[in-house]
Amino acid sequence: SAVISQKPSRDICQRGTSLTIQCQVDSQVTMMFWYRQQPGQSLTLIATANQGSEATYESGFVIDKFPISRPNLTFSTLTVSNMSPEDSSIYLCSVDAGKVNEQFFGPGTRLTVL
Amino acid sequence: AQSVAQPEDQVNVAEGNPLTVKCTYSVSGNPYLFWYVQYPNRGLQFLLKYITGDNLVKGSYGFEAEFNKSQTSFHLKKPSALVSDSALYFCAVRDMTDSWGKLQFGAGTQVVVTP
């Protein structure tokens with residue numbers, strides 16, 4: 001398994017500002033993922049981040065809105081840019097680990113945009 | 001493309017009774033199936049997985065799941081539910097013929113266990 005931490009755990013932000021969420025893993029991993037979980041909803045994959053390459057975004061998500069960095073094999077950041085109330089969600093980081101690439105999740109960042 | 005269906009938004013069960021959370025899937029290739037649980041204000045915790053082999057998979061906290069290929073189902077079960085099992089449960093599938101092996105989640109099922 002992998003132990004994943006995220007910062008901040010929660011934040012309340014004003015419309016139009018940006019927030020950067022950090023994800024730290026206790027071991028080196030190839031693939032890291034960022035998900036969004038809107039209130040009362042399931043998880044939606046935002047993008048996949050591999051070290052040394054540009055993140056790959058899912059349909060409906062763009063780099064200008066959700067820029068991602070992956071500077072090394074244990075760390076990634078997701079920025080939520082020019083926030084609106086519709087961005088209020090839990091943002092989760094996950095990694096592939098284990099024998100058959102099961103994913104492990106961080107505790108999430110609960111974002112509220114006013 | 002793969003998909004997962006969890007037909008029940010909520011399951012209510014009395015403590016001590018058997019618990020079943022339903023999941024059906026659709027993939028073009030071989031499915032890798034997972035169950036996760038989410039407690040309030042917590043991230044997702046991995047419960048169990050099916051890759052190959054025995055159709056009955058045992059996982060954490062006394063949970064098990066049965067893979068049924070003909071019915072394309074992967075229902076989660078626990079023989080005797082606890083109040084502490086009250087949480088949101090997600091079924092997920094990966095199609096390993098996809099180069100990504102991207103994880104597709106179901107909508108989630110809220111389990112409420114009453115004393």
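The chains referred to below are lettered A, B, ... by the order of the sequence lines, with proteins before strands, and numbering in each begins at 1.
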**Student:** Taking side chain as everything from C-beta outward and backbone as N, CA, C, O, which of these in A/Q6 sits under 4.5 Å from a heavy atom of chain B? Side chain, backbone, both or neither.
**Tutor:**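 Contact with chain B involves no heavy atom of A/Q6 at all.
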**Student:** Strictly distance-based, threshold 3.5 Å: is any side-chain N or O of A/S42 a donor or acceptor partner for the main-chain N or O of B/G108?
**Tutor:**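 No.
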**Student:** Are B/L82 and B/L76 connected in the hydrophobic side-chain network, where two residues link if heavy atoms are under 4.5 Å apart?
**Tutor:** no
**Student:** Are A/F105 and B/Q45 close enough that some pair of their side-chain heavy atoms sits under 4.5 Å apart?
**Tutor:** no
**Student:** Do the side chains of B/L44 and A/L43 get nearer than 4.5 Å, heavy atoms only?
**Tutor:** yes
**Student:** Can you tell me how far apart OG1 (A/T44) and CD (B/Q104) are? Round to the nearest 0.5 Å.
**Tutor:**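 Going from OG1 on A/T44 over to CD on B/Q104, the span is 8.5 Å.
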**Student:** Are B/L56 and B/F74 connected into the same hydrophobic cluster when the rule is that any two of I, L, V, M, F, W, Y join if their side-chain heavy atoms are below 4.5 Å apart?
**Tutor:**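 No, because B/F74 and B/L56 fall into different hydrophobic clusters, even though each may have its own neighbours under 4.5 Å.
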**Student:** Flag yes if B/V113 and B/L47 sit in one hydrophobic cluster, no otherwise; membership is Ile, Leu, Val, Met, Phe, Trp, Tyr, and two members link when side-chain heavy atoms are under 4.5 Å apart.
**Tutor:** yes
**Student:** Heavy-atom pairs under 4.5 Å with chain B are the metric here; pick the option from A/C93, A/G108, A/P107 that has the most.
**Tutor:** A/P107
**Student:** Can you tell me how far apart CZ (B/F46) and OG (A/S94) are? Round to the nearest 0.5 Å.
**Tutor:** 13.0 Å
**Student:** Does any heavy atom of chain A fall under 4.5 Å from the side chain of B/F105, the backbone, both, or neither of them?
**Tutor:** both
**Student:** Within a reach of under 6.0 Å around NZ of B/K22, are more than 12 heavy atoms found that belong to other residues, nucleotides or ligands?
**Tutor:**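 At most 12 heavy atoms, drawn from other residues, nucleotides or ligands, come within 6.0 Å of this atom.
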**Student:** Please answer: with hydrophobic residues joined when any side-chain heavy atoms are less than 4.5 Å apart, are A/Y57 and A/Y35 in the same cluster?
**Tutor:** no
**Student:** With rounding to the nearest 0.5 angstrom, report the CZ to CD distance, B/F34 to A/Q103.
**Tutor:** 8.0 Å
**Student:** What is the minimum heavy-atom distance between A/Q41 and B/F90, and which atoms define it?
**Tutor:**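 In this case the closest contact between A/Q41 and B/F90 is O-CZ, 4.2 Å.
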**Student:** Hydrophobic clustering (ILVMFWY, side-chain heavy atoms < 4.5 Å, transitive) - are A/Y91 and A/I63 grouped together?
**Tutor:**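 They do share one cluster, since a chain of ILVMFWY contacts under 4.5 Å joins A/I63 to A/Y91.
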